[in-house]
Amino acid sequence: MQDAVLAEAAAALRAEGVDVDATALANELVVPTAVAADLALPMHRFAKATGRDPTALAEAVAARFRPSSEIERVEGLSGYVNVHAAFPDLARRTLQLVFEGKERYGNGPGRTESVCVEHTSANPTGPLHIGRVRGAVLGDTLARILRAAGYPTVTQYYVDDVGRAAALISWMWSKPLPSWPPELRSTLPPDGAQPPGEKVDQYLGRPYPAANAYVKTHPEASAEVQQISRDLERGVPPPLHETILQQVLDGMLLSLGRLGIRFDEFAWESTFLGDGSVDAVRERLLRTPHAMTEENGAHAIDASSYGLPSESARIIVSRGDGTSLYVTRDVAYHLQKFSRFDRVIDVLGSDHVLHARTLEALFTEMDEARRPEFLLYQFITIAGGGKMSTRAGTAVSLDSLLDEAVRRARVEVSQRRDDLPAEEIDRIAEKVGTGAIRYVIARVAPEKGVKFQWEEALSFEGRTGPFLQYAFARAAAVLRKAGLSPHAPFPFDPTGFHEPGERRLLREIARWPGTIDHAASSGQVQGVGTYAHELAEAFNSFYQSVPVLSSEPELRTNRLALVAAARQTMGNALRILGIEPLETM
RNA sequence: GGGCGCGUUGCUCAGCUUGGAUAGAGCACCGGGUUCCUAACCCGGGGGUCGGGGGUUCAAAUCCCCCCGCGCCCGCCA
């Protein structure tokens with residue numbers, strides 16, 4: 001309809017002596033909120049340019065629109081040309097798209113530009129905490145959005161197996177238990193074994209905060225850790241090094257899996273040391289215009305012209321002893337990503353802003369045309385607590401959060417569904433609880449700090465994940481009671497939608513493709529969450545306002561089609577949010 | 001001190017990239033709704049200097065400048 005409106009409006013404006021083409025007009029097009037119209041064009045700009053009265057111009061332009069199958073009615077009002085869509089046309093197009101597209105309804109065209117989304121990438125030193133999970137949810141959701149928009153997308157987890165954190169956990173676990181300092185030993189059970197029911201990441205991560213504190217005050221321990229760091233740099237890890245890290249990582253991935261988060265690929269940092277690419281980066285950076293060497297032999301880049309807030313205004317590329325740094329290794333990693341992907345996106349906590357700026361500066365320094373893109377998120381803070389840190393041991397674990405959410409969900413499900421077997425209640429509770437957590441994270445703009453409040457995060461009413469699941473389940477129930485498969489053909493008469501509730505729902509369904517497109521191009525993940533809520537709200541309102549199964553045959557047929565389309569679209573939106581659509585709950 | 005980000009109703013947030021008419025939701029509060037497809041729902045109501053001030057514009061929550069408050073960062077850590 002947009003194209004028709006633009007063409008008509010351009011012709012009408014030219015007839016009124018304003019010279020514009022449809023393409024330029026497209027930027028003026030607005031979706032009105034204050035008035036019940038589908039599209040609007042403000043005339044003030046053209047009125048001003050031609051010295052006319054906006055109200056009169058709008059009325060004149062509106063009057064010149066010719067009737068068509070897409071446009072029902074056009075009116076000029078206080079300087080705006082308001083266009084009302086012909087509803088049958090809108091209904092027919094929308095429902096056709098939904099029923100033809102099914103689970104692909106809303107998706108963009110296939111594209112060739114490939115994308116790599118790196119997210120989470122937490123050091124495998126212990127269980128994931130609530131702060132980190134925001135990056136995981138954002139990254140996973142972004143990847144799902146990009147895929148839906150048509151971009152071939154790969155998610156990656158960057159595993160730090162050579163940094164200080166990796167050295168520290170290896171230092172702990174490579175020692176025989178009896179030789180552990182008491183401060184560390186006391187973090188484990190008396191027999192030192194993994195307690196039954198405790199996840200492996202939790203168990204192996206137990207001594208980590210204490211170890212951090214310990215090496216700060218014990219130089220000899222600190223020296224041992226440094227030696228391990230150098231060994232890792234040389235590619236000679238302590239025995240069990242990769243095994244320990246892999247086990248912790250597996251435990252972390254188990255938690256993420258509950259949220260539907262899985263990775264396509266893992267990039268181990270050590271591979272970039274092993275294959276010489278870190279050395280290559282170092283050599284390359286040594287030959288750049290701003291390369292410099294410190295007195296102790298460390299290599300650096302004079303970054304004073306890059307506007308970094310570093311006091312010394314230099315980026316250290318390698319230490320005096322020749323070992324590499326996180327940034328340098330990360331440059332090697334990113335160059336490798338660019339050799340495979342057209343776009344490289346990193347989802348990072350905002351404490352990594354400087355790192356992001358440093359990477360950009362080094363890419364400029366190396367005269368690389370491309371740049372990684374960054375999705376930076378503020379941390380989740382607990383009301384009353386400060387920043388969460390695994391190092392400091394001040395974190396609330398993701399597992400405990402999920403367990404609590406699922407526990408509360410089970411209470412809710414049990415109250416309503418005493419007809420279901422316990423296993424089914426457990427299954428639903430798991431999906432409701434984890435869906436609630438995903439939604440509460442995904443609905444907030446990444447750059448905003450989230451003040452985490454348990455009551456709000458674990459609420460199942462209003463603007464929540466379960467609200468969305470509930471609307472889906474209701475739609476599914478209607479189809480089930482009608483004896484129809486969701487994939488059955490749903491005939492409909494596009495001229496048969498007259499109820500406001502029907503029309504509102506259809507309009508929401510029609511907005512879905514635009515929502516994906518906008519989210520993908522802007523990277524604004526939260527838009528999908530907002531949309532899903534508005535769609536569910538429109539469905540609930542429709543459900544309340546008109547009967548489906550017990551209505552007159554023609555109405556019943558049409559409403560069943562609408563329910564099926566709503567179910568499909570809500571399901572598609574839920575899947576992008578990583579929330580399981582439930583047939584019953 | 002410097003860099004970046006945030007500030008929208010009592011609380012939690014959409015909307016800001018690309019400026020349009022009366023700024024939207026949820027929670028909480030008040031009042032209604034269940035002989036009917038799942039009330040985890042729906043309908044209505046009160047509640048707003050969009051942090052403050054200037055500027056640009058026919059038009060500013062949205063763009064620009066200044067200020068205030070809060071957060072993150074400013075390592076040869078990651």
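Chain A is the first sequence line, chain B the second, and so forth, proteins listed ahead of strands; every chain is numbered from 1.
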Using the P atom on both, measure U22(B) against C67(B) and round to a whole Å.
-> 33 Å
Return each pair, listed once, that meets side-chain hydrogen bond (donor to acceptor under 3.5 Å, both in side chains) where at least one residue sits in residues 430-449 of chain A; pairs must be two or more places apart or across chains.
-> D140(A)-R438(A), T141(A)-R438(A), R258(A)-E430(A), R443(A)-E456(A)
In whole angstrom, give me the gap between the C1' atoms of C41(B) and G5(B).
-> 38 Å
So, F467(A) versus H533(A), ring centres under 6.0 angstrom or not?
-> yes
Interatomic distance where CG belongs to N82(A) and P belongs to U22(B) [whole Å] | 13 Å
Under 4.0 Å between a side-chain N/O of R329(A) and OP1 or OP2 of A78(B), yes or no?
-> yes
Within the structure shown, what part of the strands sits under 4.0 Å from V327(A) by heavy-atom distance: base, sugar-phosphate, or nothing?
-> nothing
Quick one: the side chain of T584(A) and the base of U38(B), do they pair up donor-acceptor inside 3.5 Å?
-> yes
Looking at C76(B), does its base get a donor-acceptor pair with the side chain of D321(A) below 3.5 Å?
-> no
Output a table of nitrogen or oxygen pairs between the protein and nucleotides 43-50 of chain B separated by less than 3.5 Å.
{"unit_1": "C43(B)", "atom_1": "OP1", "unit_2": "S541(A)", "atom_2": "OG", "d": "3.1"}

Under 3.5 Å, N/O pairs linking protein and nucleotides 58-64 of chain B:
{"unit_1": "C58(B)", "atom_1": "OP1", "unit_2": "K48(A)", "atom_2": "NZ", "d": "2.4"}

Can you tell me how far P in U9(B) sits from the matching atom in A59(B), rounded to whole Å?
-> 26 Å
Sugar-phosphate only, base, or nothing, as touched by A473(A) at under 4.0 Å among non-hydrogen atoms = base
Tell me what S350(A) touches on the nucleic acid: a base, only sugar-phosphate, or nothing, going by heavy atoms under 4.0 Å.
-> sugar-phosphate
Would you check if the distance from the ring center of Y333(A) to the ring center of Y158(A) is below 6.0 Å?
-> yes
Would you call the rings of Y214(A) and H218(A) parallel, tilted or perpendicular, where under 30° means parallel and over 60° means perpendicular?
-> parallel
Quick one: label H299(A) by what it contacts on the DNA or RNA (base, sugar-phosphate, nothing), any heavy atom closer than 4.0 Å.
-> nothing
For E502(A) and C37(B), what is the distance between atoms CD and C1' respectively, to the nearest whole Å?
-> 15 Å
May I have the step-by-step check of salt bridge (Lys or Arg N to Asp or Glu O under 4.0 Å) for R319(A) and E233(A), ending in yes or no?
-> CA-CA 12 Å; R319(A) 296 191 184 90; E233(A) 177 91 15; 5.4 Å; no
Pairs: protein N or O with nucleotides 5-14 of chain B N or O, under 3.5 Å:
{"unit_1": "G5(B)", "atom_1": "O2'", "unit_2": "E447(A)", "atom_2": "O", "d": "3.3"}
{"unit_1": "G7(B)", "atom_1": "OP1", "unit_2": "K448(A)", "atom_2": "NZ", "d": "2.6"}
{"unit_1": "U12(B)", "atom_1": "OP1", "unit_2": "K451(A)", "atom_2": "NZ", "d": "3.4"}
{"unit_1": "U12(B)", "atom_1": "O2'", "unit_2": "E456(A)", "atom_2": "OE1", "d": "3.3"}
{"unit_1": "U12(B)", "atom_1": "O2'", "unit_2": "E456(A)", "atom_2": "OE2", "d": "2.8"}
{"unit_1": "C13(B)", "atom_1": "OP1", "unit_2": "G449(A)", "atom_2": "O", "d": "3.3"}
{"unit_1": "C13(B)", "atom_1": "OP1", "unit_2": "K451(A)", "atom_2": "N", "d": "3.4"}
{"unit_1": "C13(B)", "atom_1": "O2'", "unit_2": "R463(A)", "atom_2": "NH1", "d": "2.9"}
{"unit_1": "A14(B)", "atom_1": "OP1", "unit_2": "A445(A)", "atom_2": "N", "d": "2.4"}
{"unit_1": "A14(B)", "atom_1": "OP2", "unit_2": "K448(A)", "atom_2": "NZ", "d": "2.9"}
{"unit_1": "A14(B)", "atom_1": "O2'", "unit_2": "T530(A)", "atom_2": "OG1", "d": "3.1"}

Nucleotide forming a Watson-Crick or wobble pair with C27(B), both distances under 3.5 Å = G10(B)
For nucleotides C13(B) and A28(B), find the distance between their C1' atoms and express it as a whole number of Å.
-> 15 Å
Answer yes if the side chains of Y306(A) and E365(A) hold a donor-acceptor pair under 3.5 Å, and no otherwise.
-> yes
Interatomic distance where CZ belongs to R282(A) and C1' belongs to C76(B) [whole Å] = 12 Å
Nearest whole angstrom, please: distance from the C1' of A40(B) to the CZ of F460(A).
-> 9 Å
Can you find a donor-acceptor pair, distance only, under 3.5 Å between N540(A) side chain and A39(B) base?
-> no
Quick one: is A40(B) close enough that its OP1 or OP2 comes under 4.0 Å of any side-chain N or O from R417(A)?
-> no
Residue matched to A39(B) through Watson-Crick or wobble contacts both under 3.5 angstrom = none
Short N-O contact, E412(A) and R416(A), less than 4.0 angstrom | yes
If the C1' atom of G52(B) is compared with that of G7(B), how far apart are they to the nearest Å?
-> 11 Å
Find the partner of U34(B): check Watson-Crick (N1-N3 plus N6-O4 or O6-N4) and G-U wobble (N1-O2, O6-N3) distances, both under 3.5 Å, and reply none if neither fits.
-> none
Phosphate-side-chain proximity, Y470(A) and A40(B), N/O vs OP1/OP2 below 4.0 Å | yes
Taking atom C1' in both U49(B) and C42(B), what distance in whole Å separates the two?
-> 34 Å
Base, sugar-phosphate, or nothing: which does V546(A) touch, judged by heavy atoms less than 4.0 Å apart?
-> base
Looking at the rings of H352(A) and F374(A), which for Trp means the six-membered one, are their centres under 6.0 Å apart?
-> no
Under 4.0 Å between a side-chain N/O of R319(A) and OP1 or OP2 of C77(B), yes or no?
-> yes
Charged N to carboxylate O under 4.0 angstrom, D38(A) versus R507(A)?
-> yes
Can you tell me how far P in U38(B) sits from the matching atom in G33(B), rounded to whole Å?
-> 22 Å
Interatomic distance at C1', G26(B) relative to A40(B), whole Å = 14 Å
Would a distance-only check, ignoring hydrogens and angles, find a side-chain to backbone donor-acceptor pair under 3.5 Å from R417(A) to M585(A)?
-> yes
Mind checking what makes salt bridge (Lys or Arg N to Asp or Glu O under 4.0 Å) contact with E404(A), not counting sequence neighbours?
-> R407(A), R408(A)
Using modelled atom types only, decide if a donor and an acceptor are shared between the side chain of S459(A) and the backbone of E461(A) within a distance under 3.5 Å.
-> yes
For C72(B), what is the paired nucleotide under Watson-Crick or G-U wobble rules, both distances under 3.5 Å?
-> G3(B)
Applying side chain to side chain contact (heavy atoms under 4.5 Å, CB included), name anything that partners A34(A), two or more places apart in sequence or on another chain.
-> none
